[in-house]
> 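Quick one: this structure, given as structure tokens, is what I'll be asking you about.
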Amino acid sequence: MRRYPAFDPPEYVSWQADPALTREFHTAVFRDPRRARAIRKLGQRGHLNLYRGLLRFRLCDIGLARWVRQGIISKAWLGAGEEAVTVGAVHALDRRGADGDIVGPMIRNNGANLEMGVPAVEAFRVYLATSDSVMRGRDLHLGDLRHGVCPPISMVSSLAAVMNGFALAFKMREEPRVALTWVGDGASKHGEAQEAFAFAAALSLPVVFIIQANRVALGTPLYGSHLRGDYSGIGTAHGMSVQEVDGNNVLEVCGAVAVAAAEARHGGGPQLIIAQTFRMGGHATHDVREARATFPPELFAEWGKRDPVGLFEEYLCQNGETRETLEDIEQEVTQEMEQAAEEALRSRDNAPGSGEVMHDVYAAHGPVAE
Ligand SMILES: Cc1ncc(C[n+]2csc(CCOP(=O)(O)OP(=O)(O)O)c2C)c(N)n1
Ligand SMILES: [Mg+2]
């Protein structure tokens, strides 16, 4: 894809395919027969849709970063380098909408909205806090249950328990549906995440948890919060099935989630996936410099070579796709995102009125009087 020197991490601007990593990508896809079967089932259309999804997430983020640079918004939480963990997972689910599987993204999984069918304009409008945004100007955490997306909860790890609620309802109603959520490696240490894992396991709920191990939590590197360095023990301690994946390999993620979702859907209980990845940017756009100073440059260089978009492009081209096909998709997605940003800007003056502030707000004792 085209690179954007003003917004991309420098490692992406000068991105070149590394033959060893391209080989590794290919090997990983077919290592596990169950995952390989799910990946083959995607067919050409499914593969290109995954590519489209990666580009949507990346280009939506670039659109938001551009808005920050232009002073339209003050900051944005982006997923650069981690897009495959979100896109691969969502594409393995039943995305029919309100009656299908339900996902609970965190803010770094914003691309889940786009892949579940939430219009791209919403990803921009939500940042402008306009009354015509799906969140009605209340919150920049985006979700829409009509498309099977539960909005993120700002307090990290709280969403894991909420997703258990969806899963419990599916189980009680005997509906073959699953709930899926992502838990940051930092958030996985919170009591609420651990309680959610224990509860899901004890009740054998149809839920998939993905620990998004990007080696950092805000400004704290992994080794500052987690002595072991790996997460496999968390799942087995609670009695969950565990799979580990390269989170920058969109096909491996998709295959692993397809296997996990099938298990959960057919009574196999909660499934944990540990996706190894790396945050190529800051916690948000405001602290990129500090984030880059937190880790040695070699780590950025190493993970920079593993750009999920570049790796997948190489794979696709080695498996029969032409550069022209990929460029056409890129042009289409670029246009989609530019139009979405423009459309959102047209709502910029629709601030929520003061009369709306109490709508849909509940206190412990019931609806708040207007
Ligand atoms: C309960 C709670 N404590 C602190 C915060 C502030 N905060 C927001 S994101 C974040 C770090 C989360 O790290 P991780 O779970 O690894 O997710 P990542 O940002 O790496 O995707 C923190 C501490 C919060 N939102 N919620
Ligand atoms: Mg993290």
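Bear in mind that the values here come from a model prediction, so they are computed numbers and not experimental data. First listed ligand is number 1; within each ligand, the first listed atom is number 1.
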> Can you name the atoms of ligand 1, numbered from 1 with element, that are less than 4.0 Å from a heavy atom of Ser154?
24 (C), 25 (N), 26 (N)
> Does ligand 1 have an atom that lies less than 4.0 angstrom from a heavy atom of Arg279?
no
> Any idea which protein heavy atom is nearest atom 7 (N) of ligand 1, and the distance to it?
Leu218 CD1, 3.8 Å
> Considering non-hydrogen atoms of the protein only, which is the closest contact for atom 9 (S) of ligand 1, and what is the distance?
His283 CE1, 3.3 Å
> On the six-membered ring of Phe278, is Arg306 placed so that its NZ or CZ lies under 6.0 angstrom from the centre and within 45° of the ring axis?
no
> Before we go on, tell me: are the rings of Trp182 and Phe209 under 6.0 Å apart, centre to centre?
no
> Say whether His190 and ligand 1 are in contact under the criterion: heavy-atom distance to a ligand atom below 4.0 Å.
yes
> How far is atom 15 (O) of ligand 1 from its nearest protein heavy atom, and which residue and atom name does that atom have?
Ala187 N, 2.7 Å
> Check ligand 1 against Met155 and write out every atom of the ligand that is under 4.0 Å from a heavy-atom position of the residue.
26 (N)
> Which part of Asn214 is near ligand 1, with near meaning a heavy atom under 4.0 Å away: side chain, backbone, both or neither?
side chain
> What does the angle at the Mg ion (ligand 2) come to, between atom OD1 of Asp185 and atom O of Val216, rounded to 10°?
100°
> Would one find an N or O of Asp185, backbone or side chain, under 3.5 Å from an N or O of ligand 1?
yes
> Should one rank His226, Arg108, Gln212 by closest heavy-atom distance to atom 19 (O) of ligand 1, which comes out on top?
Arg108
> Among protein heavy atoms, which lies nearest atom 26 (N) of ligand 1, and at what distance?
Val156 N, 3.1 Å
> May I ask you to decide if the ring planes of His47 and Tyr315 are parallel, tilted or perpendicular, using 30° and 60° as cut-offs?
parallel
